[in-house]
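Have a look at the structure below, then the notes.
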Amino acid sequence: MESAWSRESLLLAIKRDPSFHLKCPSLASDIVARRFTLVGLVENLKDLLTDPEPSQRAVGLGVLSSVLQELPVDFLREDELQFVVTFFCDRLKDHHDVVPAALRGIRSILRMTGLTAEQPVQILRSIMLNITCQSSPQEDRLIIYQILDLLILPHLESLKVLGPDLVYHVITTIDGERDPRNLQYLFTMLPAMVKGLTLGHLAEDFFEAMACYFPVDYRAPNDEEEITRIGLAHALADCLTAVPEFTDYCINLILEKIDTPLRVAKNDSLHLLSKAYQAFPAANIAVHLSSLWMTLSREALSGPDFEVREGARQCVTQLLRCLANLPLLNGHQSQPMRQLLGDVVSASISSLSGVHTSLFVPATELLLAAAKSCAVASEHILVKVMPQVVDICSEIKSQTDQSIYLRVVSKFLDVCISQNVTPENTPSVSVQWNLLVQLFFVSSNHEGNLLRKEAIHGLTTVVPTLSSNERQTLYNLICSRIDEEYSPDIREEVLQCLFACAVHYTAEVEQTIVKDKLSLQDFNGTDPQFARRLEAHCCVAAVDPIGGVIFSFLVKLITTSADPVVIHTTFVSLRKLLKTSADKSPYVYKCLRQCDFLNQILLWWVNCVSSVQECEWVKDEEVIDQVCFVVSAIVRNMTPELQGEAVHRTVSLFFPGSNQFRPCEVSSPVHHNLAVALLEAALAPLHPDVQVPDVHKLCNALVKLAISCRYPSAVISANRLCANLINKHPNAILLDTMVLSIYETLKAAHAETSPEHDAVQAVATYGWIIRGLAMRGYSSLEIWINGLTELLEDNRQGVAMSAAGAFESMMKESAQSLDSENYCTSRLFYKQRIFESGLKLVSKARLKPSGDRTPYLYALAYLLKDVPANALVSKFGEVAPLLIETLSQTSTALLELALSTIGGLLHKSAYSNMLTDYVQTLVPRLLQLANFEHSMQVRRTALDCLSEISKFPTHLLLPFKDEVICKLSACLDDKKRLVRKDAVKARSCWLAVGVA
Amino acid sequence: MSPDEKENRNPTIHKRIEDREITPEELDDSVVDEFDCREIFDLIRSINDPEHPLSLEELNVVEERLIEVDNKRNSIDVMFTPTIPHCSMATLIGLCIRVQLLRTLPPRFKVSVKISPGTHATEEAINKQLADKERVAAALENKHLIKVINECICKSN
């Protein structure tokens, strides 16, 4: 088939479309398909390529370059390639308008395979002769760098004939670049290039050409920019450490820049130094040891801030690690690492005696950093420094100071253990080690709380290294502390220690502690030691195989005990265990499954409910809460198959055929209804694909309970569970039927003729159902939200306010049982959808007289509280007037709510930008509310909002600055101290506005 | 001594006291909370030292026991203790305390800032300077000085 392009049509297309030369893939595909030849194309472009007007020549050459770009890399024959190379190199001599197209062409050619050895040289020479990179625009400079990238490394052998000229050319090309985009490209390209080239006498010049950017001074115009200062700085560090020839220049650069007061320079220098350790040979670095140490010690001990000090410490660690690999040069004394280690110790040791001096913490941190470097360093510091610390510690009287030293010792021992420097592996440290362990043992019996706590912490650290005798002493100590210790902090520390022992010496701990010393046999709940021992048992239950015995015992304890204290204590301890082990310990859940914990507990609870006279705790909401946590954690950690089995048992337990136990019936007594919380705990964490039997019936029962029940906690559980089940319902058609029937039930319940109590609760349930539906992306959601919005104008005040409250349930960030932890579906943008539909209330509110708007204002404040920024940004103009109007209300509760909503928006930078247009309205109202006499909460929140507003751009604030400062001085004399504190903060923020 | 070198290289650091506990009375809107020493101390304790990256509380320059508040007579007396008797920053520190109290206390209070007796070589001269309203006002007109003061105070806020 003939090509679609004739000479005339080609020229016409180029003339009509000014950007044609940038996109001519059809030309390239014609050439590839042999419908058209490259020579034919050149002939067709002849008029353009030889046009006396440079811009026309540029267009012609542009077409050719773009075609070359599109051609396969191996398409051109050798002779064609030679022709094209010569032609494009020749074009570099042309007018400066033509050069960019020629450069693009050369870049395309360099992608091709089959270039001869001479052609790269020809191209480079031509560029060297004809192009001055610095005078080209940014895009062209980038192309030149890309050409260098494609040219030098792949064709290095051919280019070697140029000798040092090649390196010189690269230096002169990159010299003086200032554009961050180009610099980012250069910094990424240069390390490999530097490694490939032979720099010779030009090494220093090459280094200087790159070092002039250090430290990188660049501020990205906004945070989302691809090019960041830190990215550039890290890339530059790679360039500066590319080859060992740079060692001296690089270290000198670091030493020079770290001395400046600029924080950026210090941090970048430290980062570069840590790169240098990895890149340069240790012997080259050792030459600069004394100057490096002087600088690093200064920064590590008295650097201006934490980041610099921490960076310097890390550099010391890396320096020691890097020098550790050096062979002994001239005998033991001159080994550079030993020398440095000696310097570190002598610089720090003098500051160790004054625990309250400013150098104490930096000195200990420096020693720790040195110890972290390698085993030799840990050993050296342990042997040389720790005995002195023990001496100092024994001389001082204050237990606070002693505890600080013990903390330091613990940290050192921790480092030593991580470096495998223990008496077992390194016998030379055993004397010092035992000294420290004895110090911990002695201090663990001290009367001072702080000291005891630190001593036990230290013992926890050294648990893996203790001898058999020491372990027995420790077990005795642990048991006596658990039984007798009155400080909860120390007991917590003891439990940590016990856990560490159980991990390392499981059988021993099970036998000695669990079964013997801390046995729970013959204890009753009133004994104060019972709770403590139980807590200790639960703590070690996470360790395999101790858990099995303990959990069986716990089940027995719960199901047979008639003592409410025992039951409460057991669940508190279990909750703590499950909270701390969370997903980390599958062993705990395995044990719980093995002893059929879930089923037994639920059965036990149902039995307790039936015999409420003896089991008063079934009415205790605190116990219910503890049991629910345990139950939901167990169900959550089951596989879907196990959950499937459990759910049948649970449902048949809660909906038995007989009339004994009916938690979901309104007519049941309170303790029956309260058990709904347990049902929620057992059903809410189910996987979506686990089918709940009779879910339709269950949901209807829950809704009826939520409407008519008088016990708030049962109502909320019923609402949450119902929303959860609706959210996870697997069948959309069945869900429609179910939702429709719920809708009818709710509608009947909030009808004018229904009792007001039922109507109020039905409307609250409405909110929960909407949330469940919205999270799963229900199609007819808008009907529900519109229905709720209409309820805001209900004549009954309680119903209208309940409708406003429903907006809170719909929007609030975390709703227990309705989150991803409980495997609920949570569609992206569901809040946006609620927000968009809910916004109708704004137009409805406008139609109402301002006195009747209260429910609307409440609903709006709830709607805005947790709305995502991207949804709010386009609608903010619509809602802002109503929100700000709320600030003129007199109701304290409404003002508090509106202010906390505005405060919430102001605290997040994404939202606060939307409020900048309303400074003029906001500031005077907030100033007025800062003196609102009826509620200190209103005054405090208003002042907090004013503090946040002070972060707005200065030009917006300056017109108000004097007025705000003047009016806030009245708040400084508020009768409440907390308000005065907020006023001080707000006033100080405003005083700082416009001050450089 | 080079300009970068600090006068007191290794000062003693004192523990910061815990934040003030909020009492039920403080949360009760009907109770009037009078100004007390602790409240004044909270206003000035986080001012940064011009020399060290530490607060005046950590250096023990200001202490709660050296503050006196008289609500009836509307007067507040603050005394501060320089870390060393020849501290050249004493005037600046005094000025920082004064400015911070000027900005954060209601105008009804008469505030005096002095050096604790016997803790500085030129105590009298500095006290005189700090008590002189005209001189304090003149110092605050000095752009460089107010910048340094703002740096010390603003970090604390």
Side-chain angles (χ1 to χ4, degrees), chain A residues 259-261 298 301-306 308-309 350-351 353-363 398 400-401 404 892 932-940 947 950 965-966 968-981 983-993 995-996, chain B residues 3-6 8-15 19-23 25-36 38-40 42-44 46-47 49 51-54 58-60 71 74 83 99-109 143 146-147 149-151 153-157:
Chain A
D259 259 351
T260 57
R298 195 182 56 235
L301 291 173
S302 38
D305 60 39
F306 177 80
V308 173
R309 289 198 295 273
S350 58
S351 307
S353 54
V355 73
H356 293 297
T357 54
S358 67
L359 287 182
F360 177 79
V361 176
S398 151
T400 320
D401 296 359
I404 294 172
T892 308
F932 184 77
E933 61 181 319
H934 303 299
S935 156
M936 67 182 280
Q937 193 50 41
V938 168
R939 298 202 293 278
R940 291 192 67 187
S947 304
S950 74
I965 290 171
C966 174
L968 282 183
S969 69
C971 304
L972 294 176
D973 210 3
D974 196 280
K975 64 178 180 176
K976 297 310 296 172
R977 188 170 293 130
L978 292 170
V979 180
R980 294 201 290 265
K981 198 174 156 191
V984 164
K985 188 183 163 208
R987 196 161 187 261
S988 303
C989 290
W990 276 85
L991 277 164
V993 167
V995 178
Chain B
D4 292 347
E5 216 169 304
K6 295 167 184 171
N8 185 2
R9 196 173 152 262
N10 191 10
T12 305
I13 304 176
H14 297 261
K15 206 169 176 283
D19 282 347
R20 186 176 191 148
E21 242 176 70
I22 298 171
T23 59
E25 288 79 40
E26 280 179 290
L27 292 170
D28 181 353
D29 212 355
S30 58
V31 180
V32 177
D33 305 327
E34 294 287 359
F35 280 84
D36 60 10
R38 176 64 203 259
E39 188 173 347
I40 308 301
D42 279 341
L43 291 175
I44 54 175
S46 338
I47 298 177
D49 183 80
E51 199 178 34
H52 298 279
L54 296 165
E58 285 169 310
L59 292 169
N60 225 24
N71 277 294
N74 291 332
T83 50
V99 172
Q100 173 70 347
L101 293 180
L102 210 63
R103 288 177 180 178
T104 55
L105 283 175
R108 69 181 163 101
F109 280 106
K143 275 187 186 164
I146 195 71
K147 196 174 160 219
I149 294 175
N150 277 336
E151 268 169 25
I153 294 177
C154 287
K155 273 187 204 159
S156 70
N157 293 322

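Residue numbers begin at 1 in each chain, while the letters A, B, ... track the order of the sequences.
- Rounding to the nearest 0.5 Å gives a distance of 10.0 Å between CD of E58(B) and OG of S358(A).
- Neither the backbone nor the side chain of I146(B) comes within contact range of chain A; no heavy atom of the residue lies under 4.5 Å from a heavy atom of that chain.
- Using a 4.5 Å cut-off between heavy atoms, E933(A) touches chain B through its backbone atoms (N, CA, C, O) alone.
- Considering only heavy-atom pairs separated by less than 4.5 Å from chain B, the leading option among S935(A), G354(A), S969(A) is S935(A).
- A salt bridge links D29(B) and R939(A); the closest N-O separation between the charged side-chain nitrogens and carboxylate oxygens is under 4.0 Å.
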Show the numbers, then the answer: is there a side-chain contact (heavy atoms from CB on, under 4.5 Å) between I965(A) and R103(B)? CA-CA 9 Å; I965(A) 290 171; R103(B) 288 177 180 178; over 6 Å; no

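- Heavy-atom pairs under 4.5 Å with chain A peak, among K15(B), E25(B), R108(B), H14(B), at R108(B).
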Criterion side-chain contact (heavy atoms from CB on, under 4.5 Å) on L105(B) and L972(A), from CA distance to verdict: CA-CA 6 Å; L105(B) 283 175; L972(A) 294 176; over 6 Å; no

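- Most heavy-atom pairs under 4.5 Å with chain B, from the set R987(A), R980(A), K981(A), K975(A): that is R980(A).
- Scanning for side-chain contact (heavy atoms from CB on, under 4.5 Å) contacts around D42(B) gives R20(B), R38(B), R45(B), with sequence neighbours left out.
- By the ring pair (Phe, Tyr, Trp, His ring centres under 6.0 Å) test, H356(A) is found to be paired with no residue, residues two or more places apart in sequence or in another chain being considered.
- For the pair I13(B) and T357(A), the minimum side-chain heavy-atom distance is 4.5 Å or more.
- The part of E39(B) that comes within reach of chain A is its side chain, from C-beta onward, which places non-hydrogen atoms under 4.5 angstrom from that chain.
- With rounding to the nearest 0.5 angstrom, the CG atom of L978(A) is 8.0 Å from the OG1 atom of T23(B).
- Interface check for chain A: of the options I22(B), V32(B), L54(B), the most heavy-atom pairs under 4.5 Å are formed by V32(B).
- With a 4.5 angstrom heavy-atom cutoff, L991(A) touches chain B only via side-chain atoms.
- Looking at E34(B), only its backbone comes within 4.5 Å of chain A, counting heavy atoms on both sides.
- Here K976(A) does not pair with D28(B) in a salt bridge; the nearest charged N to carboxylate O distance is not below 4.0 Å.
- The greatest number of non-hydrogen atom pairs below 4.5 Å with chain B, out of V355(A), V979(A), D973(A), is found for D973(A).
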